Amino acid sequence: DSAGRGIAVSSSGGKGGSISGGVIQTISSHGGTGGRAGNIQVTISGRSNGQLSSITTTANEGHALHLRSQGGDGGEINGTSWFNGADGGSGGNGGHVSATLSNVRIQTSGDKAGAVIAESNGGKGFWGGGSALAKGGKAGSGGDGGTVTVRLEENTHIRTQGNDAIAVQAVSRGGGGSNGGKGGFIYSPGGDGSSGGVGGEVHLLSSAQIETLGKDSYGVYAASLGGAAGDGGKGGGIVGVGGHGGANSRSSKVELKQSSVGSVVTKGEASHGLFAESIGGDGGTYNSSAKAAMGGDSHSNSPNAHGGALSVVNLGHVRVEGKAAKGILAQSVGGGGGNGGSSAGLIAIGGDGHSSGNGSTVLVENRGIVSTKGSQGHGIHAQSIGGGGGSAATTLALGIGVNIAIGGKGATAGNGGDANVLLGKSSLITTEGADANAVVAQSIGGGGGDGGETVSVGFLDVLTKSLGGSGGAAGNGGRVQ
């Protein structure tokens, strides 16, 4: 096509309708929800005169096969309302994407030119509208990514030559949330930020022969990624209450399997052979500033914003050559907690940080051959990491007479999940290079959030108090075996 791609198949939801600011917005005033994208199903299989079918591209970013289901973005809010701000539109969901390939040869030579790209993306939410006098509008939430399934059967040969050219990529992404609208002058709660969308499940089975030559060019990449949340709107004026930061979102299960006839060879720096990850989205921030101001509370806690479970099975052959190139990398990471918002006023109370998600169970099973050549090139690296707890932000009390500043609390971090590596009797792992271990398995708890800093400055001092917030507890590590 005009972008230099070989075959491109897409389905996109329409963008939600927009709304303009007015004198008064009702509670039902909001931008339209983005449309849901359709499902995509593609099968490529065939020979001609005994020869494999072929797809070849030479352009940078010229993917050979690109399948994309994209949810529509939420409707816009145009202008500022006098009273309540309008709510932003939510993003639409991505559809399911499925691809089956056999009897085909695929080659790309440009940078950032993937051979097989299959993705489902949720649409982005739009920010909340601002208010001149009263409450800001709530932001629209991100749409969810759909399930992505890729099957590479025998007699499938894939090769990329450029840098940042992933051979096979299957990804489901939740759409990002957005920020709440700014509050007005009199009583001015900021609008709430919105949550990100959920990353959908990903399943990838390969019996193909795969090779990459450039740096940062993974052989096979499978991922579920939760969308990041938006920040709460800023409160201001005489009495200001910041909007809640959006809750962070979870990611889903990822399964990656290479059969006994499959092989992956990479020859570039940081070009992993089999790479699977599931990562929850980060939380949003709560904001406030006014003469009397209060920061965030626990409404943006995200106890379910966990990284999804991972399963990676290798029965075939993986060989990587290059610095920091890992044979098999599998990681589940919990979403980070949102930060408490700063506040400023005569009496200012800082927002608490918000809790984060846990890493989930990671299982890597190897019954095949894995070899690496290069420093820091681990044969198998399996890790589950809890998200870091959100930190409380700075609080400033400034005025004449009475000034009180109270810092918020840092939040508890997420726990690391179990990290399991199973080596069968037929397993063989060799490494060549400094700091290159055959197997690294780790479970890491997230760091606790910092307590809020406080500053209180008074003129004609009657009462000046400044109380710092407490730090949050760190997360626990899980079982490693």
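All of these numbers come straight from a predicted model, not from anything done at the bench.
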Using a 4.5 Å cut-off on heavy atoms from C-beta on, say whether the side chain of Val104 contacts that of Ser102. no
Can you tell me if His96 uses its side chain to pair, donor with acceptor, with the backbone of Gly146 under 3.5 Å? no
Decide side chain to side chain contact (heavy atoms under 4.5 Å, CB included) for Asn121 and Arg68; before the verdict, give the C-alpha distance in whole Å, the side-chain angles of both, and the deciding distance to 0.1 Å. CA-CA 8 Å; Asn121 304 318; Arg68 183 172 182 260; 3.8 Å; yes
Side-chain contact test, heavy atoms from C-beta onward, threshold under 4.5 Å: evaluate it for Thr372 versus Glu321 and give yes or no. no
May I have the step-by-step check of side chain to side chain contact (heavy atoms under 4.5 Å, CB included) for Leu274 and Leu256, ending in yes or no? CA-CA 8 Å; Leu274 303 178; Leu256 170 58; 3.9 Å; yes
Testing Asp164, Thr160, Ile166 for side-chain contact (heavy atoms from CB on, under 4.5 Å) with Lys112, which one passes? Asp164
Spacing of OG belonging to Ser260 relative to NE2 belonging to His317, to within rounding of 0.5 Å: 13.5 Å
Any ion pair linking Arg5 and Glu61 (charged N to carboxylate O, less than 4.0 Å)? no
Using only atom types and a distance under 3.5 Å, with no angle test, would you say the side chain of Asp73 pairs donor to acceptor with the backbone of Lys124? yes
Non-hydrogen side-chain atoms of Val171 and Arg173 separated by less than 4.5 Å: yes
Ala64 and Ala115 have their tightest heavy-atom pair at CB-O, 3.3 Å
pair Ile44-Leu65: side-chain heavy atoms closer than 4.5 Å: yes
Looking at Ser271 and Ser217, would you say the former's side chain and the latter's main chain have a donor-acceptor pair under 3.5 Å? yes
State the CG-CG distance between Asp111 and Asn60, to the nearest 0.5 angstrom. 5.0 Å
If every non-hydrogen atom of Gly95 is compared with every non-hydrogen atom of Ser69, which pair is closest and at what distance? N-OG, 2.8 Å
Note: Ile210 and Gly219 closest approach over all heavy atoms is CG2-O, 3.8 Å
Do the ring planes of Tyr221 and Phe275 sit parallel (below 30°), tilted (30 to 60°) or perpendicular (above 60°)? tilted
Taking Ser207 for the side chain and Glu154 for the main chain, is one N or O donor matched with an acceptor at less than 3.5 Å? no
Nearest-0.5 Å distance, CD of residue Glu365 to CG of residue Asn420: 11.0 Å
Less than 4.5 Å apart, any side-chain heavy atom of Asn366 and any of Leu422? no
Test Glu211 against every option in Arg159, Arg319, Gln107 by the side-chain hydrogen bond (donor to acceptor under 3.5 Å, both in side chains) rule and name the one that passes. Arg159
With a 3.5 Å distance limit and no angle check, can you tell me whether Thr57 reaches the backbone of His63 through a side-chain donor-acceptor pair? no
Looking at OG of Ser426 and CG of Leu315, how far apart are the two atoms once the value is rounded to the nearest 0.5 Å? 7.5 Å
Give a yes-or-no answer on whether the side chains of His378 and Lys326 include a donor-acceptor pair shorter than 3.5 Å. no
Residues Ile158 and Val168: closest non-hydrogen pair is CD1-CG2, 3.7 Å
Any heavy-atom pair between the side chains of Asn103 and Thr156 that's under 4.5 Å? no
Could you grab the distance from atom OG of Ser259 to atom CD of Glu153, nearest 0.5 Å is fine? 10.0 Å
Nearest atoms (heavy-atom pairs only) where Leu310 meets Ala330: CD1-C, 3.8 Å
Taking Gln169 for its side chain and Val116 for its backbone only, find out whether a donor-acceptor pair lies under 3.5 Å. no
Less than 4.5 Å apart, any side-chain heavy atom of Val150 and any of His203? no
Can His66 and Glu119 be said to form a side chain to side chain contact (heavy atoms under 4.5 Å, CB included), step by step? CA-CA 8 Å; His66 189 188; Glu119 57 182 340; 2.7 Å; yes
So, the side chain of Ser224 versus the backbone of Lys253: is there a donor-acceptor pair under 3.5 Å, distance only? no
Run Gln442 and His381 through side-chain hydrogen bond (donor to acceptor under 3.5 Å, both in side chains) and show every step you take. CA-CA 8 Å; Gln442 55 194 117; His381 191 174; 2.7 Å; yes
Determine whether a donor-acceptor pair (N or O, by modelled atom type, separation under 3.5 Å) exists between the side chain of Gln41 and the backbone of Thr100. no
Are Val312 and Ile380 close enough that some pair of their side-chain heavy atoms sits under 4.5 Å apart? no
Looking only at non-hydrogen atoms, find the nearest pair between Gly114 and Thr108 and report the distance. O-CG2, 3.6 Å
Between the OG1 atom in Thr266 and the NZ atom in Lys215, the distance rounded to the nearest 0.5 Å is 14.5 Å
Using the side chain to side chain contact (heavy atoms under 4.5 Å, CB included) rule, take Val220 and Val264 through it: C-alpha gap first, then chi angles, then the decisive distance, then the call. CA-CA 8 Å; Val220 177; Val264 172; 4.1 Å; yes
